There are 2 protein chains.
Amino acid sequence: MTKKLLLKDVAKLAGVSEMTASRALRGAPDVSAKTKAKIEEIARIHGYVPNRIAGSLSSQSVNLVAVVVPSLNSFVFPEVLSGISAVLKESPLKPVVGVSGYDLEEEESVIREMLSWRPSGLIVAGLEHTEVTRRMLQQTDCPVVEVMDVDGDPVRHCVGISHLQAGRGMAEQILARGYRNIGFIGTKMPQDFRARKRFDGFTDGLAAQSLTLADLEHYSGESSIQTGRQLTSQMLARNPRLDCIYYSSDVMSVGGLMHCLAAGLSVPGDIALAGFNNLQILQGLPLQLATTDACRHEIGERAARIILKSRETGGAEGLVFDRLTPAISLGETL
Amino acid sequence: MTKKLLLKDVAKLAGVSEMTASRALRGAPDVSAKTKAKIEEIARIHGYVPNRIAGSLSSQSVNLVAVVVPSLNSFVFPEVLSGISAVLKESPLKPVVGVSGYDLEEEESVIREMLSWRPSGLIVAGLEHTEVTRRMLQQTDCPVVEVMDVDGDPVRHCVGISHLQAGRGMAEQILARGYRNIGFIGTKMPQDFRARKRFDGFTDGLAAQSLTLADLEHYSGESSIQTGRQLTSQMLARNPRLDCIYYSSDVMSVGGLMHCLAAGLSVPGDIALAGFNNLQILQGLPLQLATTDACRHEIGERAARIILKSRETGGAEGLVFDRLTPAISLGETL
DNA sequence: ATCGGTTTCGCAACCGTTATCGATACCGGA
DNA sequence: TCCGGTATCGATAACGGTTGCGAAACCGAT
């Protein structure tokens with residue numbers, strides 16, 4: 001940890017001007033192969049790490065894409081991220097993740113923080129934001145993509161699925177298979193707008209056949225197998241006639257399955273189960289749980305592509321509204 | 001999206017100098033409450049987002065902490081992250097995550113990228129790095145904390161557990177309970193150094209009682225319940241006398257449990273199972289799986305505290321070497 | 001009215017890199 | 001040998017804020 005090593009030092013050591021050193025290290029043109037090699041060598045030996053803060057300020061460009069998601073524990077967003085990373089890998093852009101904790105105020109502050117770094121693009125989960133956030137998203141001149149959800153009014157680009165439709169679709173499947181005493185277990189609504197939409201779509205679907213939910217349970221905090229199991233146990237105890245439960249997340253339905261296993265209930269004979277997301281953890285369980293695929297990876301990929309395209313066209317690209325179709329898989333529990 | 005709104009514009013609108021506006025918006029002293037309120041109001045109305053690139057260049061300070069982890073899908077690092085976030089929440093610092101994909105070359109490039117933003121600190125998982133990475137970590141003047149592992153030679157600060165010890169400890173427990181035909185299922189070693197250390201510690205522990213592994217299986221790619229189940233099935237098929245399997249991850253041991261459930265094997269009567277990490281997903285399963293807690297949240301907290309302290313002392317703080325003790329929980333499967 | 005001590009504010013000089021554009025070196029052809 | 005054109009390089013001025021002072025304004029007390 002000697003002295004801070006600056007570009008000017010590297011340049012001096014190489015016997016060239018700052019400019020030439022800068023160009024060489026960035027791979028910019030107008031530098032002879034020989035000088036470039038020499039400068040690179042010197043930079044390598046001395047362990048020069050360029051100061052991108054200064055560089056970005058000067059070039060007015062930042063090779064970062066801000067990605068704002070509600071949580072990283074929930075199994076679901078990492079996969080969106082991997083879609084984004086996969087596409088960005090072929091470009092100089094890098095994703096930077098911010099976590100909003102399912103809290104719109106926190107989201108506002110995270111987005112403000114990210115925008116203050118002037119990223120090349122912003123990808124944010126969900127269409128619901130504070131007024132201030134919406135204004136920021138409108139005013140910023142980097143491309144903005146709202147992902148995961150299409151039921152609402154996007155600020156700019158939008159890629160996702162309709163959770164209303166997903167909920168309704170699952171209701172139809174459940175009804176088609178003859179279940180009539182149906183329970184719902186989901187997160188506290190104010191936290192998770194998409195879960196609420198699935199719930200609304202689901203009850204809509206029931207209402208279309210003049211049915212209502214036989215039972216309903218909300219929980220707060222992160223979803224977990226544990227909570228899924230407990231709430232299922234409680235619900236079945238107080239409502240033994242239930243023949244099907246729809247969960248707002250696969251993690252919860254796995255918990256439901258675990259309860260049934262432990263209680264010796266046959267699935268779907270005694271009770272049918274269905275979740276949402278088509279998470280990885282569904283693979284390898286005793287029964288293939290019914291679920292709806294949320295197209296997470298593809299959503300990430302498409303969002304990233306919008307950012308890339310917008311970079312090429314210089315922000316003059318047309319508005320994208322990508323509504324993917326969530327596929328239901330019935331598994332063995334419906 | 002009118003014109004870029006700069007500090008100078010806000011200042012002009014408020015009828016003050018740039019300096020006063022800058023101070024007001026940063027909450028710096030030497031601004032009267034009245035002027036400050038006025039400036040803030042104007043900034044709010046017009047949706048001014050400060051340019052932190054310029055700010056950081058000028059103030060030579062960046063309120064970001066770089067966190068480099070191998071993966072976000074693996075269930076384990078998000079919890080380290082949440083420990084970091086929890087501690088940083090009380091400070092102006094924000095974590096920024098980079099993913100290295102269990103690849104040291106990629107890690108090098110991610111770390112170089114992060115350091116080029118001159119963060120206030122760097123937290124990186126693991127003690128194994130390329131030579132170039134080590135040099136960067138030594139040369140940088142921000143505090144560096146290597147986490148998760150203590151078996152090795154840290155560049156500077158270090159917080160983690162001994163995976164050698166964790167493996168050995170589990171071996172002792174398994175042997176103490178009378179198991180003698182023991183199998184191991186783990187990730188391909190070159191990818192995951194900590195898994196390899198647990199493996200080494202485990203075989204050491206067996207060797208201490210003149211035992212060797214009865215069977216061994218490696219897989220590549222991410223751990224999953226699915227693979228855990230498949231590999232367990234294969235191993236038990238070719239080696240029916242096995243009485244215990246140790247997995248390099250809980251995700252895998254859950255898969256093992258699922259196989260046993262499906263195959264009608266009694267656990268631990270027919271076969272005992274043990275994993276590692278003490279992941280959330282172990283809660284709510286039919287049986288409480290044996291595991292070792294990896295202290296993930298606490299490791300994150302402590303690492304973040306080191307960064308904070310170093311900020312106070314101006315980098316003059318002493319070297320920290322925190323070796324936490326991983327607690328084994330036997331559950332019901334040993 | 002004068003004075004010392006605070007507040008409150010603004011000027012100027014940076015922070016480390018890159019864009020711009022002009023200067024110089026080099027090269028083959030006339 | 002001279003010339004136009006192309007490689008290669010360097011001086012200078014940004015980029016948008018903040019630090020470090022000094023200046024001005026304000027205050028109650030003398």
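As the structure is a prediction and not an experimental result, all values here were calculated from the model. Lettering of chains follows the sequences in order, A, B, ..., and the numbering in each one begins at 1.
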* Asked: Salt bridge check: are B:Glu131 and B:Arg135 linked by an N-O gap of less than 4.0 Å?
  ->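 No, B:Glu131 and B:Arg135 are not salt-bridged.
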Salt bridge (charged side-chain N to carboxylate O under 4.0 Å, His left out) with [X]: which residues, sequence neighbours excluded?
| X | answer |
| --- | --- |
| B:Glu128 | B:Lys197 |
| B:Arg134 | B:Asp153 |
| A:Asp151 | none |
| B:Glu41 | B:Arg44 |

* Note down the inter-axis angle between the two ends of the helix from C:dA1-D:dT30 to C:dA30-D:dT1, five pairs each, to the nearest 10°. =>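 End axes: 40° apart.
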* To do: With a 4.0 angstrom cut-off to heavy atoms of chain A, pull out the first and last contacting nucleotide of DNA chain D, in 5'-to-3' order.
  =>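 Taking any atom under 4.0 Å from a heavy atom of chain A, the span is D:dT8 to D:dG16.
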* Which residue pairs satisfy the ring-ring contact (aromatic ring centres under 6.0 Å, His included) criterion with at least one member in residues 118-142 of chain B, sequence neighbours excluded? ->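 As it turns out, there is no ring-ring contact (aromatic ring centres under 6.0 Å, His included) pair with a partner in residues 118-142 of chain B once direct neighbours are skipped.
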* Going by the ring-ring contact (aromatic ring centres under 6.0 Å, His included) test, which pairs reach into residues 64-98 of chain B, not counting sequence neighbours? ->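 Residue pairs with at least one partner in residues 64-98 of chain B: A:Phe75-B:Phe75.
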Show the atom names and distances, to 0.1 Å, of all donor-acceptor pairs under 3.5 Å that link a side chain in residues 86-97 of chain A to residues at least two apart or in another chain.
{"from": "A:Ser91", "atom 1": "OG", "to": "A:Leu88", "atom 2": "O", "distance (Å)": "2.9"}
{"from": "A:Ser91", "atom 1": "OG", "to": "A:Leu93", "atom 2": "N", "distance (Å)": "3.0"}

* Listed by chain and number, what are the side-chain contact (heavy atoms from CB on, under 4.5 Å) partners of B:Glu79, not counting sequence neighbours? ->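 Testing B:Glu79 for side-chain contact (heavy atoms from CB on, under 4.5 Å), a comparison that skips the adjacent residues, returns B:Ser82, B:Arg296, B:His297.
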* To do: If a protein heavy atom is under 4.0 Å from the base, mark B; if only from the sugar-phosphate, S; if neither, -; do that for nucleotides 5-18 of chain C going 5' to 3'.
  => ---BBBB---BBBB
* B:His157: what forms a ring-ring contact (aromatic ring centres under 6.0 Å, His included) with it, not counting sequence neighbours? ->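 Applying ring-ring contact (aromatic ring centres under 6.0 Å, His included) to B:His157 gives none.
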